[in-house]
Amino acid sequence: MPQHETVFLEHIRQNQGIIYRLVNLYAADNEEKKDFYQEVMLNAWHAWPSFKGNAKVSTWLYSICLRTILTQKRRRQPVQYQEGLEAIAPPLAPGINDDVQRLWQAIRLLPEADRAIISMHLDGYDNPDIAEVIGISLNHVSVKIHRIKQQIAKMLQP
Amino acid sequence: MIPNNAENNWKKIGTEPDADFNALLSSTSLHKSGMGSPLKSIKKKLLLHLWLSISIGLFFATLFVLFSSWQLRLILALLTSYTFWLCASIFQLYNSIPVALLPGITLLNELQQQHLAIDNWIKVHIRSALYIYPFSAAGGFMLGGMLGAGKEVGELMTKPFFIITLILVSVVLVPVGHYITRWLFKRTFGTHMAQLEQNIADLQNPK
């Protein structure tokens, strides 16, 4: 295998959690999950030669994932906002505690744009990084994160 | 509120092995072609449309040479010119669609660019339906009349029945062609475009 492919695949392995979380946040079912994985890998591979190292690989990959997933033509209607926290396929891996399961389900019920912002926030990105990847102002990011957290808190109320 | 340690627990998601994902971590999977993006699919269709349009343009040009009737030649000249202009538009749109995700583009820009590209693609089709169909219908009708009746177009045009039928064919076929085009577009891309518009609006909404 050529070295640049080895390096690329190693970076993907190191950041596979990002890909897993984003794909599973948006995929309606397992078939769509596989489609998303494939498209993200292909787009990341085609964009790799133009990555100049002026940002972290994880941030670059986040951008690729979001841009790929949110521009895909879906097999079926995206999940609509619902009142209650019902389990929505695909389920998380076993061993994840209940609080995070419920948080996960609540986030899956948010509008697609909001999922992108809150997942970056939970992955530890600063507001300036989020603003740069998403393409909105810093102030806008702060307002949106505050509002999304309020929405999630309301959904998680017993 | 969001549970305490949400960030730490959040990051633990995805550390378990995923068989579907692991299957892609190989060199062979990097060289497959994906078609999930509408733009990749449109780019492929644009190439096909380009070749079809060139063939049709050459066909019109051949008919222009073969038939001497000035009315038919006028219509064929208009059709040929418009067809080759359409080829240029298709080629321009084809080149404007990137093969890979461009560096430095934000999520919002990406959504907006895709929306614009799909919108431009459908405008090419709708323009064709409105500008080409009346002349195609008229030209086809005249040609059919010439070949069927064995008479020149000038002679056919003296018959009121011929002129009325020619007008009716254009009046019926043009809107039908236009609405069929719009319906096909809505069927293929309607849901996707609505989702793009929703995501763009959500990101641009300051609340």
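Proteins get letters first, then strands, A, B, ... in listed order; numbering begins at 1 in each.
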Quiz prompt | Contacting region of Leu196(B) [heavy-atom separation from chain A under 4.5 Å] | solution =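 The answer is the side chain of Leu196(B).
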Exercise. Using non-hydrogen atoms and a 4.5 Å limit, figure out which bit of Gln198(B) sits close to chain A: side chain, backbone, both or neither.
Key: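 Neither; nothing under 4.5 Å.
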What's the spacing between [X] [atom1] and [Y] [atom2] if we round to 0.5 Å?
| X | Y | atom1 | atom2 | value |
| --- | --- | --- | --- | --- |
| Ser63(A) | Ile105(B) | OG | CD1 | 9.0 Å |
| Gln195(B) | Gln72(A) | CD | CD | 12.5 Å |
| Leu101(B) | Glu39(A) | CG | CD | 10.0 Å |
| Asp114(A) | Asn199(B) | CG | CG | 9.5 Å |
| Thr71(A) | His192(B) | OG1 | NE2 | 6.5 Å |
| Leu66(A) | Leu107(B) | CG | CG | 5.5 Å |

Heavy-atom proximity to chain B below 4.5 Å, by part of [X]:
| X | value |
| --- | --- |
| Ala55(A) | neither |
| Ile69(A) | neither |
| Val133(A) | backbone |
| Ser119(A) | both |
| Ile136(A) | side chain |
| Ile117(A) | side chain |

Quiz item: Would you say Pro103(B) and Trp60(A) make side-chain contact, with heavy atoms under 4.5 Å?
Solution: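 SC-SC contact between Pro103(B) and Trp60(A) ruled out.
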Quiz item: Can you list the steps and then say if Lys40(B) with Asn43(A) is a side chain to side chain contact (heavy atoms under 4.5 Å, CB included)?
Solution: CA-CA 11 Å; Lys40(B) 288 181 191 168; Asn43(A) 280 345; 3.3 Å; yes
Quiz item: Among Ile200(B), Leu111(B), Asn205(B), who wins on heavy-atom pairs under 4.5 Å with chain A?
Solution: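 If we count pairs closer than 4.5 Å to chain A, Asn205(B) comes out on top.
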Should we count [atom1] of [X] as having more than 12 external heavy atoms under 6.0 Å?
| X | atom1 | result |
| --- | --- | --- |
| Trp85(B) | CH2 | yes |
| Glu132(A) | CD | no |
| Arg182(B) | CZ | no |
| Gln92(B) | CD | no |
| Phe185(B) | CZ | yes |

Practice problem: Please confirm whether the backbone N or O of Arg67(A) pairs with a side-chain atom of Glu110(B), one donor and one acceptor, at under 3.5 Å? | Solution: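 Such a contact is absent between Glu110(B) side chain and Arg67(A) backbone.
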Quiz item: Quick one: does Lys33(A)'s side chain have a donor or acceptor within less than 3.5 Å of a partner on Phe21(B)'s backbone?
Solution: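 No; zero donor-acceptor contacts below 3.5 Å.
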Practice problem: Pick whichever of Gln157(A), Lys154(A), Arg147(A) has the most heavy-atom pairs under 4.5 Å with chain B. | Solution: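 With the most close heavy-atom pairs to chain B, the winner is Arg147(A).
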